[in-house]
Amino acid sequence: MFTDVIILAGGFGERLWPASRPDYPKQFLSLGSGFSLLQNSILRALALNISGKIIIATRKDLLEGCAVQAKELSESEKLTDSQKSKILNDLIILAEPCARHTTAPILLACHMLEKLSPDCEHSCLVLTSDHVIRPTEAFASDAEKAYKAASQNNFVCFAIPPTEAATGYGYIKAGEKILEDTFKIDRFKEKPDQKTAEEYLASGNYFWNSGMFGFTTKFMISEIEKCQKDVSDAFVPVKNGGKPELGSVNGIKYIERWNEMEKAYSVTPAIAIDNSIAEKTASAVVVRTSFEWDDVGSWDAFAKFSDGKANIAAEVSSQDNFVYSDIPVALCGVSNLIVVIKNGKALVMEKGKSSLVRDAVKAMKSE
């Protein structure tokens with residue numbers, strides 16, 4: 001199994017406004033009375049029984065929020081003592097000096113692992129902090145398949161069998177089979193128009209790109225040197241410098257000082273790992289997943305996985321509504337609505353209109 005997990009936890013809190021905001025993005029939200037999306041990502045990492053570190057890569061201004069969430073999880077009665085210990089001893093928050101998309105934090109995490117444990121062979125699974133994945137058993141099984149491919153010097157993606165002709169996801173076309181449920185990647189496709197998405201769905205050979213990846217650290221560092229030299233050059237001070245100094249915030253470890261990181265981030269370009277490596281490497285493969293997956297990128301998606309009835313104080317002559325609110329809400333004579341009242345702001349939306357939320361945010365900012 002993978003030795004280490006990297007959880008990408010950036011985000012600027014626009015798609016689930018007004019519950020999410022720049023200083024409290026989507027991954028901090030809970031789908032109900034249970035754990036937050038970020039905490040569930042940590043739980044997935046724990047479920048893999050990794051021997052190494054759990055690294056949360058986030059923005060500097062989200063450091064404290066991530067630490068609070070990790071600490072709360074470590075105190076939950078639902079966790080075993082070994083899981084609590086793993087969080088307190090092996091979880092490290094890597095707070096970036098500034099946002100530089102996904103290639104920079106992934107490369108930085110690889111160098112960090114090499115610095116902290118230079119005598120170990122590191123293999124990394126990159127997870128997102130704000131997706132719904134279930135059941136955990138299926139996820140762990142698919143992660144094991146990904147590890148087998150990654151250990152053979154491959155960059156491994158996770159292919160989600162599409163359930164609809166979605167236009168909001170990038171797609172992967174699978175090629176030759178190389179291992180169990182694992183295929184070479186024929187090509188990546190950008191977000192398609194509706195007609196093309198329908199063709200992809202009908203073909204049965206196109207999959208959604210989940211944004212999760214697997215690789216060994218040595219492979220990743222080498223591939224970035226080959227495929228994205230401007231990023232690799234920016235990180236020469238990190239590669240040749242000393243190891244980071246760790247501190248503690250709210251009882252959770254974090255990178256307190258790493259001068260070489262600051263130098264690298266002052267010059268590195270911002271580029272997604274999809275563009276820097278996935279689309280350029282000759283060693284890209286994909287595992288066809290067996291778990292349920294959703295990126296919870298809209299209120300419509302959020303409503304599917306959350307119990308909105310708990311926030312409805314009264315519902316009179318109303319049906320099929322979802323409410324996510326700080327205060328009791330009464331609904332009278334309305335149907336098919338999503339109502340969100342958080343942080344002193346309210347959103348009232350017809351279901352299926354989530355794409356308009358960003359426009360509403362922009363309009364309110366301009367006012």
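Nothing here was measured: the structure is a model prediction, and the numbers come from that model. The basis for the numbers below is simple: all heavy atoms, side chains too, and nothing from hydrogens, waters or symmetry mates.
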**OP:** Determine, stepwise, if the pair I6 / F213 fulfils side-chain contact (heavy atoms from CB on, under 4.5 Å).
**Re:** CA-CA 10 Å; I6 302 167; F213 312 101; over 6 Å; no
**OP:** Using the side-chain contact (heavy atoms from CB on, under 4.5 Å) rule, take K191 and Y171 through it: C-alpha gap first, then chi angles, then the decisive distance, then the call.
**Re:** CA-CA 7 Å; K191 296 175 182 178; Y171 283 73; over 6 Å; no
**OP:** Determine, step by step, whether L8 and T128 satisfy the side-chain contact (heavy atoms from CB on, under 4.5 Å) criterion, reporting the C-alpha distance in whole Å, the side-chain angles of both residues, the deciding distance to 0.1 Å, and the verdict.
**Re:** CA-CA 5 Å; L8 300 178; T128 57; 5.5 Å; no
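Taking a 6.0 Å sphere around CD of E198, one finds it holds more than 12 heavy atoms contributed by other residues, nucleotides or ligands. Summarising the local packing, CD of E190 is surrounded by 12 or fewer heavy atoms from other residues, nucleotides or ligands at distances under 6.0 Å.
Ionic pairing of D294 and K304 is present here: one or more N-O contacts between side-chain nitrogen and carboxylate oxygen are shorter than 4.0 angstrom. E96 and R59 are not joined by a salt bridge, as no carboxylate oxygen comes within less than 4.0 angstrom of a charged side-chain nitrogen. Checked for salt-bridge contact, D181 and R288 meet the test: a charged N lies under 4.0 Å from a carboxylate O. Here K353 does not pair with E350 in a salt bridge; the nearest charged N to carboxylate O distance is not below 4.0 Å.
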Which donor-acceptor pairs under 3.5 Å do side chains of residues 239-246 form with protein atoms, sequence neighbours excluded?
| from | atom 1 | to | atom 2 | distance (Å) |
| --- | --- | --- | --- | --- |
| K239 | NZ | E225 | OE2 | 2.7 |
| E245 | OE1 | R257 | NH1 | 3.0 |

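In this view, K148 satisfies the side-chain hydrogen bond (donor to acceptor under 3.5 Å, both in side chains) rule with no residue, not counting sequence neighbours. For H111, the ring-ring contact (aromatic ring centres under 6.0 Å, His included) test picks out no residue, with sequence neighbours left out. Scanning for ring-ring contact (aromatic ring centres under 6.0 Å, His included) contacts around F12 gives an empty result, with sequence neighbours left out.
Both the sub-6.0 Å distance and the 45° axial angle are not jointly satisfied by K145 relative to the ring of F158. For the pair K189 and Y200, the cation-pi test (distance below 6.0 Å, angle within 45°) is failed.
At a threshold of 4.5 Å between non-hydrogen side-chain atoms, the residues I87 and L73 count as touching. When side chains are defined from C-beta on, N321 counts as touching V334, because their heavy atoms get closer than 4.5 Å. Using a 4.5 Å heavy-atom threshold, the side chains of K173 and F207 count as separate.
The closest donor-acceptor contact from the side chain of T216 to the backbone of F219 lies under 3.5 Å. Counting only distance, with no hydrogens or angles, the side chain of N275 and the backbone of I271 share no donor-acceptor pair below 3.5 Å. Of the possible polar contacts, none joining the H122 side chain to the T217 backbone as a donor-acceptor pair under 3.5 Å is found.
Ring-centre distance between Y324 and F302: below the 6.0 Å cut-off. Less than 6.0 angstrom separates the ring centroid of Y24 from the ring centroid of F28.
For the side-chain hydrogen bond (donor to acceptor under 3.5 Å, both in side chains) condition, the pairs that include at least one residue of residues 160-169, sequence neighbours left out, are Y169-D295.
In this structure, I178 shares a hydrophobic cluster with V156, L179, V285, V287, the cluster being traced through Ile, Leu, Val, Met, Phe, Trp and Tyr side chains under 4.5 angstrom apart.
Defined by atom type and a distance below 3.5 Å, a donor-acceptor pair is present between the side-chain atoms of N209 and D274.
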